[in-house]
Peer 1: 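Below: one structure in structure tokens.
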Amino acid sequence: PSWLGAQTNYPIFKLALRYIISERSHVQGVWGSYDVFNPYLLQSPFLQVDFEHEFSGFVGLYSYYRYQYDHSLGTPFNSFLGLGVRLHLVKG
């Protein structure tokens, strides 16, 4: 997003299903072409599975695996594995 940059507009979509395991944990499946600041072309969407667990009000664990494909599910384009610890410094 820039006032001076090139403007390219194209459609995006995102569909997610979340299963709440407990008050502190959930698993989620996502299919889409957009996530936060990462828009993808409709020909190369992604499938993602993610998991989160809060150990306390301040510390949590998250992980995800994202598989991006090119035109068909059997044609891999990218894959990502993310693991992390989330710290809640301000209780909200």
Peer 1: Which other residues belong to the hydrophobic cluster containing I20, where Ile, Leu, Val, Met, Phe, Trp and Tyr are joined when side-chain heavy atoms lie under 4.5 Å apart, directly or via other members?
Peer 2: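 Answer for I20: none, a lone residue.
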Peer 1: Using the side-chain hydrogen bond (donor to acceptor under 3.5 Å, both in side chains) criterion, which residues pair with S25? Sequence neighbours excluded.
Peer 2: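 S25 satisfies side-chain hydrogen bond (donor to acceptor under 3.5 Å, both in side chains) with H53 once adjacent residues are dropped.
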Peer 1: Are L42 and L15 connected into the same hydrophobic cluster when the rule is that any two of I, L, V, M, F, W, Y join if their side-chain heavy atoms are below 4.5 Å apart?
Peer 2: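 Yes: a chain of side-chain contacts under 4.5 Å links L15 to L42.
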Peer 1: Which residues end up grouped with Y19 if you chain together Ile, Leu, Val, Met, Phe, Trp and Tyr wherever their side-chain heavy atoms are less than 4.5 Å apart?
Peer 2: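 Besides Y19, the hydrophobic cluster comprises I21, V27, V49, F51, listed by chain and residue number.
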Peer 1: Examine L47 and L17 and state if one hydrophobic cluster contains both, with Ile, Leu, Val, Met, Phe, Trp and Tyr joined whenever side-chain heavy atoms are less than 4.5 Å apart.
Peer 2: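 No, L47 does not connect to L17 through the hydrophobic network.
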Peer 1: With sequence neighbours excluded, what pairs up with Y64 under the ring pair (Phe, Tyr, Trp, His ring centres under 6.0 Å) test?
Peer 2: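 None.
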Peer 1: Could you note down all residue pairs passing salt bridge (charged side-chain N to carboxylate O under 4.0 Å, His left out) where residues 42-64 supplies at least one of them, sequence neighbours left out?
Peer 2: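 Only E52-R86 qualify under salt bridge (charged side-chain N to carboxylate O under 4.0 Å, His left out).
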Peer 1: If you group Ile, Leu, Val, Met, Phe, Trp and Tyr by side-chain heavy-atom gaps below 4.5 Å, do L89 and L61 land in one group?
Peer 2: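 The answer is yes; both residues are in one hydrophobic cluster.
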Peer 1: When the side chains of residues 30-37 are checked against the rest of the protein, which donor-acceptor pairs come out under 3.5 Å, sequence neighbours left out?
Peer 2:
from: W31; atom 1: NE1; to: Y69; atom 2: OH; distance (Å): 3.0
from: S33; atom 1: OG; to: F13; atom 2: N; distance (Å): 2.9
from: Y34; atom 1: OH; to: V36; atom 2: O; distance (Å): 2.4
from: D35; atom 1: OD1; to: K14; atom 2: NZ; distance (Å): 3.0
from: D35; atom 1: OD2; to: R66; atom 2: NH2; distance (Å): 2.5

Peer 1: Same cluster or not: are I12 and Y40 linked, directly or through other Ile, Leu, Val, Met, Phe, Trp or Tyr residues, by side-chain heavy atoms under 4.5 angstrom apart?
Peer 2: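 No, separate clusters.
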Peer 1: Below 3.5 Å, can you tabulate the donor-acceptor pairs from side chains in residues 70-79 to any protein atom, sequence neighbours excluded?
Peer 2:
from: S72; atom 1: OG; to: T75; atom 2: OG1; distance (Å): 3.0
from: N78; atom 1: ND2; to: Q68; atom 2: OE1; distance (Å): 3.0

